[in-house]
Amino acid sequence: MIDFSFSEEQELFREAIKEWLTRNLPMERVRENDEKHELGKDIIKGLGDLGLLCMTLPEEHGGAEADWVTTTIAAEELGYADISVALPVFFLVQASWGYVVDKYCTDVVRDICLRKAARGEAFIGIGVTEPGGGSDVAGFKTTLTRGDGHWILNGEKTYISGTAECQEMGGGYFVTGYSDRSKGHRGMTAIYLPFDTPGVEVTRRFDNYGRMAISTGGFMMTDVEIPDEYQLGETGRGFYLTMEGFDAARVLVSASCVGASERAMKIGIDNIKERQAFGQPLAKYQGIQFDLADMTAHHEAIKSLIYKTAWMMDQKYQHETFSALEVAKYISMCKYLAPHHALDTFRRTMLWMGAYGYTKECPLEMGIRGVMSYCIGAEGAANIQKIVIAREALGREWTRTR
Ligand SMILES: Cc1cc2nc3c(=O)[nH]c(=O)nc-3n(C[C@H](O)[C@H](O)[C@H](O)COP(=O)(O)OP(=O)(O)OC[C@H]3O[C@@H](n4cnc5c(N)ncnc54)[C@H](O)[C@@H]3O)c2cc1C
């Protein structure tokens with residue numbers, strides 16, 4: 001039997017977040033955050049109090065033990081409220097990478113970072129991209145060499161979300177490096193890197209043009225000593241842990257984009273009902289209606305795909321009814337479609353606004369700048385999603401070899 005409804009608990013959860021965000025994060029505040037380049041301590045504390053930060057962690061580790069469908073609801077609502085997607089980034093990076101760190105870490109890491117991150121008192125992020133490129137994870141240069149009871153980490157990471165927040169709040173990053181390069185991607189190992197460890201130096205903050213309220217930066221790691229108890233999972237499993245984190249993050253990215261595009265449509269619809277041209281509201285013209293119909297149809301199709309995928313993730317983790325690769329195909333379809341759908345929705349609804357849509361008085365430009373980050377590549381570029389989809393559609397023997 002197929003049931004497309006949310007549980008009563010999930011509906012109440014959505015209403016509670018919606019109500020909190022309507023009160024605390026109106027569009028004027030989103031604009032203020034965008035201009036001030038900060039999320040605001042009150043908002044971060046509020047998310048912590050609501051139980052939204054690191055909500056996928058078990059309760060005994062400080063989380064809300066939320067399933068992926070429920071977490072996806074939160075990501076969608078945050079995207080609806082903050083169309084610049086800055087707050088969704090802060091939320092989803094920690095929900096997904098916090099989940100993976102918690103799954104494979106020791107209690108020490110939980111105590112120094114995760115419990116605090118769940119209260120909004122620390123930040124847990126993902127630091128994999130390197131100056132040589134982000135898509136080719138196995139081609140990274142960062143190394144982990146053995147010391148006495150610790151790893152020695154050397155390398156550079158760049159275009160990393162939340163570096164300024166992590167410096168300010170404390171916390172750290174999921175980082176991978178080669179512990180044995182001769183083994184290819186099976187020679188990568190993952191560690192938790194506390195950001196205040198000696199040898200870690202923040203090299204820059206990028207002057208991005210979107211999602212201004214959260215930072216993107218880079219950092220060097222020079223002979224950084226990482227105690228063995230900060231290792232995540234087994235030696236040589238770093239690549240697989242990275243893919244597990246990306247899978248989780250990509251569903252939540254997609255949901256945030258769908259939330260943001262839903263808000264764009266709402267703003268656009270309000271406008272076309274109001275705005276008169278040639279003696280009638282714009283909404284009366286079929287040229288406008290067909291545009292709306294097209295957006296609505298794509299929106300519903302992509303939203304359904306996202307919730308189906310979140311449901312598949314729950315099935316995979318709770319009952320092992322789907323393999324990781326089966327779910328990965330759906331996840332990549334979401335991440336491929338949702339950011340571009342959001343970008344297209346912002347572009348089209350901005351056109352409905354006429355000249356007003358070209359001003360900063362109209363909020364839509366924050367959305368177009370924000371979701372562009374996910375079209376370009378944050379949490380994985382579009383072509384990489386297509387590679388995963390095609391690999392699963394064709395069979396692994398058709399994967400391009402190096
Ligand atoms: C705002 C922002 C925040 C980010 N935050 C983080 C973060 O927190 N942590 C982190 O680790 N990274 C982060 N990233 C980096 C992101 O993960 C990378 O941008 C992404 O993985 C792509 O890597 P790249 O930018 O080096 O592009 P490249 O890998 O150099 O790719 C460039 C282009 O080539 C295409 N391409 C690459 N390989 C192929 C192929 N085989 N076939 C066809 N086309 C291909 C890609 O689709 C892309 O269009 C962030 C990026 C942005 C923009």
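Ligands are counted one by one from 1 in listed order, and the atoms in each one are counted from 1 as well. It should be emphasised that the depicted structure is a prediction, and the values quoted were computed from it without experimental measurement.
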Relative to [atom], which among [options] owns the nearest non-hydrogen atom?
atom	options	value
atom 3 (C) of ligand 1	Lys386, Arg211, Gln385	Arg211
atom 5 (N) of ligand 1	Ser161, Gly162, Gly134	Ser161
atom 22 (C) of ligand 1	Ser135, Gly125, Gly133	Ser135

If we ignore angles and hydrogens, is there a donor and acceptor under 3.5 Å between the side chains of [X] and [Y]?
X	Y	answer
Thr106	Glu229	no
Ser373	Arg211	yes
Thr142	Glu130	yes

Tell me every residue that passes side-chain contact (heavy atoms from CB on, under 4.5 Å) with Ser323, counting only those two or more places apart in sequence or in another chain.
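Per chain and number, Ser323 pairs via side-chain contact (heavy atoms from CB on, under 4.5 Å) with Leu325, Glu326.
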Yes or no, since that's all I need: does a protein heavy atom fall within a distance strictly under 4.0 Å of [atom]?
atom	value
atom 7 (C) of ligand 1	yes
atom 34 (O) of ligand 1	no
atom 25 (O) of ligand 1	no
atom 13 (C) of ligand 1	yes

Could you list the donor-acceptor pairs under 3.5 angstrom formed between side-chain atoms of residues 375-390 and any protein atom two or more places apart in sequence or on another chain?
from: Gln385; atom 1: OE1; to: Ser332; atom 2: OG; distance (Å): 2.9
from: Gln385; atom 1: NE2; to: Gly380; atom 2: O; distance (Å): 3.4
from: Gln385; atom 1: NE2; to: Ala381; atom 2: O; distance (Å): 3.2

When you measure from the centre of the six-membered ring of Phe6, is the NZ or CZ of Arg14 closer than 6.0 Å and no more than 45° off the axis?
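Yes, Arg14 sits over the ring of Phe6.
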